Amino acid sequence: MIIKSEYEISEVRNLVNSIRYRNKADLIIKNVNIVDVITGSIDKGSILIRDKYIMLLSEREGDYSAFNTFDAKDLYAIPGFIDSHTHIESSMTIPSLYSFYQLKEGVTTAIVDPHEIVNVAGLEGLKAFIDDLERSPMKFIVQIPPCIPASDENLETSGALLSSAGIEEAIRERDLADRVSGLAEVMCYEKILWNDEDLFKKIMLIYERGFVIDGHASGLKGYDLQAYVASRIMTDHTVRKTNELLERLKLGLYIQIQNRPQESDFSGIVKQLRSLESSRVMWCTDDAEADEIASGKYSVRAIVRDAIENGLDPVKAIKMATINVAQAYRVDTKLGIISPGRYADIVLVHSLDNLNIHTVLTNGKIVFHHGKLLLEIPEPSPQLLKFKGNTIKLKREIRADDLLPVAPVEKGLARVRVLNIDGGLEMRETKIDNYIVMCDPGRDIAWMNVIERYGKTGNISRGFVTGTGVKVGAFVSSISHDSHNILVVSVDVKSSLVCLKEIMKTGGGLCLAKNGDIISLIPLPFYGLMSSDPDLPEKLRIFKEELNNLGFKVPLKRLLTLTLPVRKTGFAITDKGLVDYRRKEILPIIVSINENDEKH
């Protein structure tokens, strides 16, 4: 379901009449501790629900009646959790399936940035994606992404380009006008600092409609951060340190906190939040994979629980996942609080300390109860099916010599630029054998290729990466942020080729091979990014184990950002080569050759 900026006049009038004339409610939840996220109080009483709305709250039994009664027996009622920033595509599941994993976690609404979809399939792809969102039992606020492609069309090839004129057309088109409610993260923050006119026009178009402009200010500080904020950016989800949180709050940004143990000082941030006024702070997942959500390891509920375990007051932590988000995104008359007229999205938990979920309601219906989902997973929408299995369009069949970096000499030693896993550059030496510049798994140097997948240029880049840990075989993916060309990380070209053939057959996916044999494959036929397979979480868990068995020592999601130029470091390998984003240059891989030296 898409949340729209409409006033449902007949439904609201009926609700008011039902309260005034004491009409029967559809459902009464009695003997429940109602958590008030505005005042922080917890009040014993009843919640009456009519149709999909909260009808009223009552402290006395008998004032109103209902067709159905749910005795909560002193459970705690909190508003449905809201994920303040997420990319559904990163879960690798289509929206209707994604909803089922999230509802188990009490997440009933998400602010969605469909950046990956639009990079692959443009506005037509976005329409199909939104159609599937409409069929989902969760609620969504959909934003339109401004950075398509994320960097520059001269530095990478994406499936689509989206100018300010394209956004203006989109927000006026009937299929999108009332279903898009904001500008997604302005991740190309350098373009703000460089005063890119077209990007400012995109901001203006959405700002003048009264919607939120989401930000991405990774690494920005001082005057650069102030310049970025001055553009009317309203949020930032890239805070990793306590000083970043404080600096951004003082500038008036709404802050979305993630819990990334290897990347952020979550415990330090939570400690700081204990004493801070937190009405402009929210939680978000950003990129959560299906196995992480389904296992309960990474969701908004998990983040709230972790914050409570780190000493944050439970109601304060819950507030940051409910009313704070609703107020920031200007839907607090519909969401974020248990109050009359709001959607009846309610989570019943045993305790505010552990947030163990007993029951979840959305639109007044019980959808999760005693560990079981009570909904059937809908089939993908007909519109979404139009983007199944047909977005990988290679110019020709890939051969081994397309993937191997070559030197002008038969033997020797090459000094090469190597991308590291953190997006920096290193100078390394590696052997030349039969004109091929070799990988060296013993020293953690792998080959890396990016293959243009949209049938536009046929580009195939050749480079090197270090820090992955791969010892044998190959990893191939049709997910590679943010243009989603085909990524290959390999120490075995034969294995790369068999993976590529499988990816072509399935219309996209993740593939691992060893000694030329497939050992794990996850088809992602929708846009080459997503699956409708309800068993995906378990398959993804097994895939990650096999990834580790090949020697890979970094999380899957870090491999998938090796192709992203707009990271803080500014280096990546795209289909056009090794990119220096800040200088807007493609760098040669080989720096020098010593024809007489064959040592490592």
Side-chain angles (χ1 to χ4, degrees), residues 81-92 98 101-102 105-107 109-113 115-116 141 143 184-187 189 212 214-220 233-249 253-274 276 278 280-293 295-312 316-322 324-325 328-329 355 422-423 481-482 554-558 560-561 564 566-568:
F81 293 125
I82 308 172
D83 192 332
S84 67
H85 174 78
T86 194
H87 304 271
I88 290 177
E89 310 96 299
S90 293
S91 73
M92 304 182 209
Y98 170 87
Y101 302 133
Q102 290 288 14
E105 290 292 296
V107 180
T109 304
I111 316 301
V112 175
D113 176 357
H115 180 88
E116 325 305 339
I141 293 174
Q143 302 171 309
E185 60 178 296
V186 183
M187 62 186 301
Y189 49 80
V212 172
D214 266 354
H216 175 119
S218 179
L220 288 183
I233 300 290
M234 301 174 188
T235 73
D236 182 30
H237 63 278
T238 69
V239 166
R240 299 289 186 267
K241 301 175 183 177
T242 54
N243 63 310
E244 292 178 332
L245 173 63
L246 205 56
E247 184 180 17
R248 283 155 173 74
L249 284 175
L253 287 171
Y254 284 90
I255 306 301
Q256 300 138 316
I257 303 295
Q258 306 173 46
N259 183 7
R260 300 198 176 201
Q262 295 179 337
E263 301 175 30
S264 64
D265 180 15
F266 182 76
S267 61
I269 288 171
V270 170
K271 183 177 180 181
Q272 190 176 42
L273 286 170
R274 290 183 214 163
L276 278 179
S278 61
R280 297 177 86 87
V281 184
M282 306 170 277
W283 310 114
C284 79
T285 58
D286 194 9
D287 297 293
E289 292 162 354
D291 58 320
E292 296 174 323
I293 303 169
S295 66
K297 290 180 180 177
Y298 195 50
S299 67
V300 167
R301 181 182 78 97
I303 297 172
V304 174
R305 185 187 59 224
D306 291 345
I308 294 168
E309 289 177 357
N310 276 277
L312 195 61
K316 189 173 188 178
I318 292 165
K319 179 178 178 179
M320 292 161 59
T322 54
N324 287 15
V325 191
Y329 288 91
L355 295 181
D422 297 316
H481 294 281
D482 273 338
V554 295
L556 174 62
K557 62 182 65 176
R558 290 190 70 191
L560 302 180
T561 60
L564 182 62
V566 296
R567 291 191 290 174
K568 287 187 286 187

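All values reported here derive from a predicted model rather than from experimental measurement. FYI, the numbering just counts along the sequence from 1.
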Quiz prompt | Within-4.5 Å side-chain heavy-atom neighbours: L220 and D236 | solution = no

Quiz item: salt bridge (charged side-chain N to carboxylate O under 4.0 Å, His left out): which pairs involve residues 295-310, sequence neighbours left out?
Solution: E105-R301

Quiz item: Going from CZ on R274 to CG on N310, what distance comes out if it is rounded to the nearest 0.5 angstrom?
Solution: 7.5 Å

Exercise. Give a yes or no answer on whether the side chain of Y189 reaches the backbone of S218 with a donor-acceptor pair at less than 3.5 Å.
Key: yes

Practice problem: Taking the side chain as every heavy atom from C-beta outward, state whether D265 and T242 have any pair of such atoms under 4.5 Å apart. | Solution: yes

Exercise. Just jot down the ring pair (Phe, Tyr, Trp, His ring centres under 6.0 Å) partners of H87, sequence neighbours excluded, or say none.
Key: H85

Quiz prompt | Results of side-chain hydrogen bond (donor to acceptor under 3.5 Å, both in side chains) for N324 - residues two or more places apart only | solution = none

Self-check item: Main-chain N/O of L273 paired to K316 side chain as donor or acceptor, under 3.5 Å
Solution: yes

Self-check item: side-chain contact (heavy atoms from CB on, under 4.5 Å) involving A328 - partner list, sequence neighbours excluded
Solution: Y254, M282

Quiz item: salt bridge (Lys or Arg N to Asp or Glu O under 4.0 Å) with K557: which residues, sequence neighbours excluded?
Solution: E292

Self-check item: For D482, all residues meeting side-chain hydrogen bond (donor to acceptor under 3.5 Å, both in side chains), sequence neighbours excluded
Solution: H115

Quiz item: Closest approach of A317 and A307, non-hydrogen atoms and distance?
Solution: CB-CB, 4.5 Å

Quiz item: Does the pair I318 and V304 meet the rule for a side-chain contact (heavy atoms from CB on, under 4.5 Å), with working shown?
Solution: CA-CA 7 Å; I318 292 165; V304 174; 4.2 Å; yes

Exercise. Tell me, please, which residues at least two apart from Y329 pass side-chain hydrogen bond (donor to acceptor under 3.5 Å, both in side chains).
Key: D214, Q256

Quiz item: Can you list the residues that meet the side-chain contact (heavy atoms from CB on, under 4.5 Å) rule with R240, with sequence neighbours excluded?
Solution: E244, Q258, R260, E263, S264

Self-check item: salt bridge (Lys or Arg N to Asp or Glu O under 4.0 Å) involving E89 - partner list, sequence neighbours excluded
Solution: none

Quiz item: Quick one: does Q102's side chain get under 4.5 Å of S299's, heavy atoms only?
Solution: yes

Practice problem: Sequence neighbours left out, what passes side-chain hydrogen bond (donor to acceptor under 3.5 Å, both in side chains) with T285? Give chain and number order. | Solution: D83, T86

Quiz item: Side chains of S84 and H237: does their closest heavy-atom pair fall under 4.5 Å?
Solution: no

Exercise. Could I get the full list of side-chain contact (heavy atoms from CB on, under 4.5 Å) partners for D422, not counting sequence neighbours?
Key: N420, R558

